[in-house]
Amino acid sequence: MKQQENMSSLIMIFGATGDLAIRKLFPSLYRLFERGRLNKFAVIGVARRQITNDAFQKSVRESVINALGDKENIDEFISYFYYQSHDVTNSSSYVALRNLADQIDANYSLEGNRIFYLAMAPEFFGPIALHLKSDGLTEVKGFKRLVIEKPFGKSLESAKELNQQIRTAFSEEEIYRIDHYLGKEMVRNIEVIRFANAIFEPLWNNRYISNIQITSSEVLGVEERGRYYETSGALRDMVQNHIMQMVALLAMEPPIRLTTDEVRSEKVRVFRSLRRFESSEIKDYFVRGQYGPGTVNDEQVPEYRAEPMVDKESNTETFVAGKIMIDNFRWAGVPFYIRTGKRMKSKSTKIVVQFKDIPMNLYYQPEKNVHPNLLVIHIQPEEGITLHLNAKKAGGHLDAQEVKLSFANTGIQAMNTPEGYEKLLYDCLRGDATNFTHWDEVAYSWAFVDKISEVWEKTKTVDFPNYESGTIGPKAADELLEKDGFFWWPVSYLEVDMCK
Ligand code: BG6
């Protein structure tokens with residue numbers, strides 16, 4: 001799709017009094033405004049609560065100041081914000097919203113361009129989309145785009161149903177399904193590292209890579225989200241979307257061009273090549289965990305089953321580790337190990353590409369290991385790349401030692417590194433859907449994950465809780481790699497002092 005430079009738009013945020021809007025969307029919109037990237041715009045905040053425009057503008061002001069500090073032009077910024085109290089199931093509410101939208105559109109000359117951002121519970125996505133169409137809000141002269149947050153369904157079947165509902169009002173090109181990992185600077189960097197470097201692309205295959213490891217660990221527990229998390233678990237919450245997206249970016253073929261369609265179609269080809277496991281094989285490829293009590297940052301924390309809104313005998317996994325196989329020419333035989341969990345030792349997302357050993361190592365001595373070459377992509381909290389090489393130890397004999405070459409995406413740049421949401425909103429305004437997930441990607445990754453959850457839901461007799469809070473997860477996750485002769489590279493070993 002052609003991207004627009006003319007970005008005038010009326011942005012309607014459903015769920016405008018909620019957490020996402022307050023913590024992420026308003027500050028991100030402000031930053032776009034501050035950079036002159038929002039030239040002609042207005043925002044209608046939509047939510048159930050009865051509040052005045054003034055009260056709404058005040059909440060936008062507070063959200064920006066809390067996130068970014070005092071801002072001189074904040075009064076001007078909030079003057080673009082309007083509020084409409086709304087009942088998502090009631091047509092007359094939509095008619096009132098349409099009248100307000102038409103009026104604001106005319107006042108600000110927004111050329112009938114509309115973005116509908118659904119920052120609310122997923123059960124409302126379908127009904128809202130249907131009303132937007134039936135009550136005339138999508139009949140516009142300009143573009144119309146629907147932005148939706150995850151979760152996009154909770155299985156392939158429910159995702160299909162949801163998709164059918166929103167497709168009655170919006171075409172696939174008009175739907176922007178957010179995966180906030182695709183807004184992260186270093187996730188976006190994966191393609192550039194791979195396809196802009198002559199030294200990596202020729203090695204990026206099963207002849208030279210022995211395995212790839214993706215770890216996304218969190219320190220926080222489930223917090224107040226017990227009700228949602230009980231129906232989701234780590235598999236649906238993190239693997240189906242964020243982790244699978246990183247796998248696709250790491251494994252895809254170079255796209256012919258960097259257009260939305262080309263990039264997405266290469267990612268879809270990865271999903272199509274995922275090895276499908278028989279139910280009886282799942283246990284050999286995937287392990288699950290649930291946190292018990294433990295100590296995190298010197299504080300005692302409760303087990304998952306004692307968290308609010310969580311079943312005392314919950315079988316929900318808060319940790320997943322798995323071995324994903326991509327059965328295509330490039331990747332046959334190379335395991336992609338993934339793991340993610342809550343209440344782990346550190347908050348960290350890293351990708352480790354482990355290269356195969358050289359055919360004969362002249363320098364190897366058991367007590368002076370020569371290490372495999374690693375390419376580490378630090379997604380967060382630090383952002384950068386480290387290349388682990390072997391070089392001669394200074395002085396003396398021809399002993400090899402490991403050296404780490406690092407690029408840190410920090411320092412002056414970091415201050416300007418836009419938050420994920422800012423980038424995603426900007427992409428949406430420009431009509432660039434590359435970093436949003438296409439329906440085909442969603443469907444394939446649900447099909448993959450459904451198979452695992454089906455088995456897990458049937459077998460409730462696992463030894464939960466099976467890892468202590470504040471640790472790196474259950475033992476079974478280590479055994480998964482040990483069987484193949486590998487081990488997880490410890491996060492502490494991969495950390496480098498990313499000097500600025
Ligand atoms: C969200 C999950 O999608 O991603 C949360 O619903 C998780 O459970 C979060 O905490 C992690 O995102 P980040 O950007 O903090 O790694």
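We count residues from 1, following the sequence as given. Please read all numbers here as calculations on a predicted model, not as lab measurements. Indexing begins at 1, ligand by ligand and atom by atom, following the structure's order.
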Identity and separation of the nearest protein heavy atom to atom 3 (O) of ligand 1: His242 NE2, 2.7 Å

Distance from atom 4 (O) of ligand 1 to nearest protein heavy atom, with residue and atom: His180 CE1, 3.3 Å

Close approach, Asp237 and ligand 1, non-hydrogen under 4.0 angstrom: yes

Whether Tyr229 lies under 4.0 Å from ligand 1, heavy atom: no

Any N or O on [X] sitting closer than 3.5 Å to an N or O of ligand 1?
{"X": "Tyr228", "answer": "no"}
{"X": "Thr349", "answer": "no"}
{"X": "Lys342", "answer": "yes"}

Number the atoms of ligand 1 from 1 as they appear, then name those within less than 4.0 Å of a heavy atom of [X], with their elements.
{"X": "Tyr181", "value": "12 (O), 13 (P), 14 (O), 16 (O)"}
{"X": "Lys150", "value": "1 (C), 2 (C), 3 (O), 6 (O)"}
{"X": "Lys184", "value": "13 (P), 14 (O)"}

Salt-bridge present (Arg269, Glu253; N to O < 4.0 Å): no

Determine whether more than 12 heavy atoms belonging to other residues, nucleotides or ligands lie under 6.0 Å from atom [atom1] of [X].
{"X": "Glu299", "atom1": "CD", "result": "no"}
{"X": "Glu313", "atom1": "CD", "result": "no"}
{"X": "Lys58", "atom1": "NZ", "result": "no"}

Nearest-option assignment for atom 15 (O) of ligand 1, heavy atoms, candidates Lys347, Gln380, Glu149, Glu218: Lys347

Partner of Phe336 under side-chain contact (heavy atoms from CB on, under 4.5 Å), chosen from Leu274, Ile209, Asn211, Ile326: Ile326

Qualifying residue for side-chain contact (heavy atoms from CB on, under 4.5 Å) with Val376, from Leu387, Ile351, Thr386, Val496: Thr386

Residues Trp489, Phe487; criterion ring-ring contact (aromatic ring centres under 6.0 Å, His included); working and verdict: CA-CA 6 Å; Trp489 291 95; Phe487 57 87; 4.7 Å; yes

Shortest non-hydrogen contact from Gln245 toward Thr437: NE2-CG2, 2.8 Å

